[in-house]
Each structure stands twice: as C-alpha cells, then as structure tokens.
**Student:** 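Take a look at the following structure, please.
Only a predicted model underlies this, so the values are computations on that prediction, with no experimental measurement involved.
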Amino acid sequence: RSAYDIRHFVQDWRDTLQMQYQLRGKVWDKYPTNLSELHLKLSFKVQLNRHRIDEDAFKNHAERLDKKSFKDTKYLIRPPYNKGDMTDEASQQANCLASYIDAFARNDTDIYFMRSVDDPEKSLVTVEVRGNKVRQAYRAYNRQPSDEELEWLEKWCKRNNITWFDAEHQRPLCA
C-alpha cells in the first residue's frame, strides 16, 4: 500500500470512530470488518441528523419571529418558514440571501419578507434585522424600496420596537 492509501485509511478510521461517538455517545465498533461501508453509513446518518437539527433550529427561529408578522389591506410582512422560502426569495431577489440560511438557523440574524397582499408569493422587499435594528431592506437586485414601501416598513418597525434606519445610506452586505 502507498503512503496515500494508509493516510486515507487512517483518516476514514478516525472519522468513523468520531461519528460513532457523535451519534451514540460511545464507540461501539472500534475495528469494523468493512470500514468503508460503515464510514459511508455513518456519514449519511450524520448528514441526516445535521439536516434535521438545522431544519428544527430554522423552524424554531421562524416561529419566534412570526409574532412580528403583520398584514394590512396593501402589504404583509413575515419571516421565512423554511430553507426553501429563503432560497426562493434569493432567487426572486437575485441576491445573496441564501448565504444567510445558517445565520438565520443560528439566530444570528432575523429575516423578513415584505409582500403585496394581492400577490403574497411574489417578493417585494427583503428585510434583515440584527440586534433589533434594521440592517438592510432591498428590492430585487439590491435596489431601494419605493417611498411607499419604506414608509410602510417604518410603521411596522415602530409597531415592533425595531430601530429604523436611513434607507439612503444602507449598503448591501453582499452586493
């Protein structure tokens, strides 16, 4: 065997031991008969477990933010309810919102979608709130919201004790 094969084997073995401990809190098969097969199965379980945890964290954060959702006769604002909501919004907005999924799941930032009541599936403005302050609010392609939309958002902020900002001086975090 070459040095690469040995290093690869040792790395897989080490990973397999760590994944066993991660999944069950102990190592139950220190010397597996088929290391590559066990490594593959454990990797799959770890990924499923991670995905479930991320979805649960995402859902919990969305449920907390949903208390600040609001709707009147013209507009509505709500948080994303799952990762698909975030990727759909990013696609509609042609921006980097999808890169915020993990930060949202970790409660590092709050994201809201402003929509027209007449077309609630079509994105109008994406709003980021961090530290109870509006960090950014943009339309598609990081364009400024209309004056009417900004006025509505400012009222929503006051209603929820969120600090508003000077929209003309905002800068997209990932333009």
Side-chain angles (χ1 to χ4, degrees), residues 18-19 22-25 42-175:
Q18 287 177 336
M19 287 186 287
Q22 181 181 353
L23 290 168
R24 291 194 184 164
L42 292 173
S43 295
F44 182 70
K45 286 181 182 181
V46 165
Q47 288 300 332
L48 284 176
N49 199 28
R50 180 175 177 258
H51 178 71
R52 183 185 55 77
I53 290 167
D54 288 350
E55 285 292 342
D56 289 348
F58 197 102
K59 182 181 173 202
N60 290 339
H61 191 184
E63 286 173 359
R64 281 192 303 281
L65 296 184
D66 201 34
K67 295 172 184 139
K68 294 182 180 180
S69 293
F70 180 71
K71 177 180 174 182
D72 67 9
T73 57
K74 183 139 183 148
Y75 297 113
L76 67 89
I77 192 164
R78 68 168 182 84
Y81 297 124
N82 54 51
K83 291 178 184 181
D85 275 356
M86 291 274 275
T87 56
D88 180 57
E89 182 84 355
S91 176
Q92 287 189 53
Q93 290 282 338
N95 64 21
C96 66
L97 182 64
S99 67
Y100 285 67
I101 290 173
D102 288 335
F104 184 88
R106 288 189 314 264
N107 295 309
D108 291 344
T109 192
D110 300 342
I111 302 292
Y112 295 92
F113 303 155
M114 180 181 175
R115 309 284 173 89
S116 166
V117 170
D118 296 335
D119 195 358
E121 296 304 312
K122 184 179 178 204
S123 176
L124 281 181
V125 179
T126 306
V127 180
E128 180 192 14
V129 176
R130 202 181 297 176
N132 216 38
K133 296 177 185 174
V134 171
R135 179 85 177 228
Q136 56 181 332
Y138 283 110
R139 297 185 115 242
Y141 303 98
N142 289 327
R143 293 182 322 215
Q144 292 290 330
S146 70
D147 289 341
E148 180 183 349
E149 292 163 345
L150 288 171
E151 186 178 309
W152 192 91
L153 283 169
E154 189 171 3
K155 288 177 185 175
W156 171 75
C157 285
K158 285 179 184 173
R159 177 185 192 97
N160 288 287
N161 297 316
I162 296 171
T163 304
W164 185 240
F165 69 112
D166 181 1
E168 291 180 23
H169 294 96
Q170 72 175 325
R171 294 197 178 26
L173 296 180
C174 42

**Student:** Starting at CD of E128, measure out to CG of D110 and round the result to the nearest 0.5 Å.
**Tutor:**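 Going from CD on E128 over to CG on D110, the span is 8.5 Å.
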**Student:** Within the structure provided, determine whether T73 and V117 are in side-chain contact (heavy-atom separation under 4.5 Å).
**Tutor:**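 No, too far: nothing below the 4.5 Å cut-off.
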**Student:** Would you say the side chains of S69 and D66 form a donor-acceptor pair under 3.5 Å?
**Tutor:**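 Side chains of S69 and D66: pair found under 3.5 Å.
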**Student:** Which of parallel (below 30°), tilted (30 to 60°) and perpendicular (above 60°) describes F58 and F104?
**Tutor:**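 Tilted.
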**Student:** Would you say CG of D119 has more than 12 non-hydrogen atoms from neighbouring residues, nucleotides or ligands within 6.0 angstrom?
**Tutor:**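 Count over threshold, so yes.
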**Student:** Are side-chain heavy atoms of L153 and I77 found at a separation under 4.5 Å?
**Tutor:**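 Side-chain contact under 4.5 Å: yes.
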**Student:** Out of curiosity, K67 NZ to N160 CG, how far, rounded to the nearest 0.5 Å?
**Tutor:**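 That separation rounds to 12.0 Å.
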**Student:** Within a strict 4.5 Å, meaning less than it, do heavy atoms of the R135 and V129 side chains meet?
**Tutor:**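 Sidechains of V129 and R135: no contact.
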**Student:** Whether K59 and E55 form a salt bridge (side-chain N of Lys/Arg under 4.0 Å from carboxylate O of Asp/Glu) is what I want to check.
**Tutor:**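 Salt bridge: no.
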**Student:** Rounded at 0.5 Å granularity, tell me how far CZ in F70 sits from CE in M114.
**Tutor:**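 So the gap between those two atoms works out to 11.0 Å.
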**Student:** Return the NZ to CH2 distance between K133 and W164, rounded to the nearest 0.5 Å.
**Tutor:**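 Going from the NZ atom of K133 to the CH2 atom of W164 covers 15.0 Å.
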**Student:** Report the C-alpha distance between K155 and R159 in whole Å, list the side-chain angles of each, state the deciding distance to 0.1 Å, and finish with yes or no for side chain to side chain contact (heavy atoms under 4.5 Å, CB included).
**Tutor:** CA-CA 6 Å; K155 288 177 185 175; R159 177 185 192 97; over 6 Å; no
**Student:** Less than 4.0 Å between a side-chain N and a carboxylate O, is that true for K74 and D72?
**Tutor:**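 Salt bridge flag = no for K74 with D72.
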**Student:** What distance separates N60 CG from R64 CZ, expressed to the nearest 0.5 Å?
**Tutor:**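 Going from CG on N60 over to CZ on R64, the span is 6.0 Å.
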**Student:** Between D85 and R78, does the salt bridge (charged side-chain N to carboxylate O under 4.0 Å, His left out) criterion hold? Intermediate values first, please.
**Tutor:** CA-CA 11 Å; D85 275 356; R78 68 168 182 84; 3.2 Å; yes
**Student:** Side chain to side chain contact (heavy atoms under 4.5 Å, CB included) between C157 and T163: does it pass, once the steps are laid out?
**Tutor:** CA-CA 7 Å; C157 285; T163 304; over 6 Å; no
**Student:** Just so I know, are the side chains of K83 and T87 near enough to count as touching, which here means a heavy-atom distance under 4.5 Å?
**Tutor:**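 Sidechains of T87 and K83: no contact.
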**Student:** Which atoms form the tightest heavy-atom contact between M19 and L42, and what is the distance?
**Tutor:**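 Of all heavy-atom pairs spanning M19 and L42, the closest is SD-C, 3.8 Å.
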**Student:** Measure centre to centre between the rings of Y75 and W156, then say whether the value is under 6.0 Å.
**Tutor:**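 Distance test on ring centres: not under 6.0 Å, no.
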**Student:** Set out, in order, the CA-CA distance, both residues' side-chain angles and the distance that settles side chain to side chain contact (heavy atoms under 4.5 Å, CB included) for V134 and V127, then state yes or no.
**Tutor:** CA-CA 7 Å; V134 171; V127 180; 4.3 Å; yes
**Student:** What I'd like to find out is whether the side chain of P79 reaches to under 4.5 Å of the side chain of F113, using heavy atoms alone.
**Tutor:**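 Not touching, per the 4.5 Å side-chain cut-off.
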**Student:** Using side chain to side chain contact (heavy atoms under 4.5 Å, CB included), reason through Y138 and V125 one step at a time and then give a plain yes or no.
**Tutor:** CA-CA 5 Å; Y138 283 110; V125 179; 5.7 Å; no
**Student:** Is there a donor-acceptor pair under 3.5 Å between the side chain of Q92 and the backbone N or O of S123?
**Tutor:**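 Flag set: sc Q92 to bb S123 pair under 3.5 Å.
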**Student:** Can you tell me how far the OG atom of S116 sits from the CD atom of E149, to the nearest 0.5 Å?
**Tutor:**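 The distance works out to 9.5 Å.
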**Student:** Just by distance, do the side chain of D88 and the backbone of G84 share a donor-acceptor pair under 3.5 Å?
**Tutor:**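 No, D88 side chain to G84 backbone: no donor-acceptor pair under 3.5 Å.
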**Student:** Under 4.0 Å between a side-chain nitrogen and a carboxylate oxygen: does that hold for E89 and R115?
**Tutor:**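 Salt bridge present between E89 and R115.
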